[in-house]
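Reminder, nothing fancy here: chain letters follow the sequence lines and each chain counts from 1.
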Amino acid sequence: MAKVLVVTSGKGGVGKTTSTAALGAALAQMGEKVVVVDFDVGLRNLDLVLGAERRVVFDLINVVQGVAKLSQALIRDKRLENLWLLPASQTRDKDALTDAGVGSIIAELRTRFDWILCDSPAGIERGAMLAMRYADEAIIVTNPEVSSVRDSDRIIGMLDSKTVKAERGERVEKHILITRYDSGRASRGEMLSIDDILDILATPLLGIIPESQDVLRASNVGSPVTLNNAASAPARAYTDAVRRLMGEAVNMTVPIERRGLMNRLLGRRAA
Amino acid sequence: MMNLLRLIGGRTASAPVARERLQILLAHERGLRGQPDLLGLLRTEILAAVSRHIVLDPEKVIVRMERGKHVSTLEVDIEVPHGIETSLAAVAS
């Protein structure tokens, strides 16, 4: 049965789009049929992170408004045959998305895919609301930083009250994905620890993505980090997270960057 | 504790401060979250109960909640129209 997952956070810039691309690619790499849907109308970026920016013809709003068929708007990844993208509109007004329109698209996607990953816009307005509206599960992307944790708490409240599942009296299964984690700084007490964050948010952990230059390098070239450098620390962390999503019991570790000798001599971090 | 950490680490460990500030803030914000609905519900039910006996202008029923450090108050302000007997009679008939 298809699963609808929303990748959300409240706060902007914490890694929702990067994580959607990496998780979607990792699922596809495991043979699952995946569509990633960009809900950030007006500020679409999932196409860019996936390297499909020049292939966008129709978008989510065209489909909602009946201008294009779903099959015309879906873009198949050139590297992973199981991965598809439904891009957001760059020019239209975000009010063009309707609850009923999104509902019917999600229903149609459910018949075609195993996983539907909805990349939420930042904020708590309409766009973020519609991205989570039909979700079965939610991934809350959180940085070890006070403003991000506060916004995650707010989003958790919304997931428990504004989703279709919540209105039916069911629960949206929630997972925390911690990104940009620096275990060195956390152990020195300079950064909120994993335990601090989980304690405060009272939500189970899906994965810990270490701060890494590989993430930026991957988005620079338009390739999900799990595809661009599968052996890198963040790629291994995303792959572990996906295995947990699929029900596997994977030990929770923070993958460590394999640094060259020069980097180690020059200090912990090159940039 | 903070001073001890400062002595050992040579600088302040700021994460415990972050944790404590978040815990206090979120306890407060989670309390506020359900509030508008609670007040709306209280208002509707109070209005319904009083309207069984007195004809009221729904606009003149104000329910307000204030959270203080030590005491929180629920304030219900209902303006009863002129000639309360008439309105009582109107309800009775």
At a heavy-atom distance under 4.5 Å, which candidate from Met191(A), Arg154(A), Arg150(A) has the highest pair count against chain B?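 Winner by heavy-atom pair count: Arg150(A).
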
Any chance you could measure Arg188(A), atom CZ, to Ser14(B), atom OG, to the nearest 0.5 Å? 11.0 Å

With side chain to side chain contact (heavy atoms under 4.5 Å, CB included) as the test, would you mind laying out the steps for Asp199(A) and Arg19(B) before giving the verdict? CA-CA 10 Å; Asp199(A) 249 21; Arg19(B) 182 194 164 96; 2.9 Å; yes

Work out which heavy atom in Gly189(A) is nearest to a heavy atom in Pro16(B); give both atom names and the distance. O-CD, 4.1 Å

How close do Arg30(B) and Ile200(A) get, heavy atom to heavy atom, and via which atoms? NH2-O, 2.7 Å

Can you establish whether the number of heavy atoms outside [X] located under 6.0 Å from its atom [atom1] is more than 12?
X: Arg133(A); atom1: CZ; value: yes
X: Glu75(B); atom1: CD; value: yes
X: Gln23(B); atom1: CD; value: yes

Can you list the steps and then say if Asp196(A) with Leu22(B) is a side chain to side chain contact (heavy atoms under 4.5 Å, CB included)? CA-CA 10 Å; Asp196(A) 285 343; Leu22(B) 270 171; over 6 Å; no

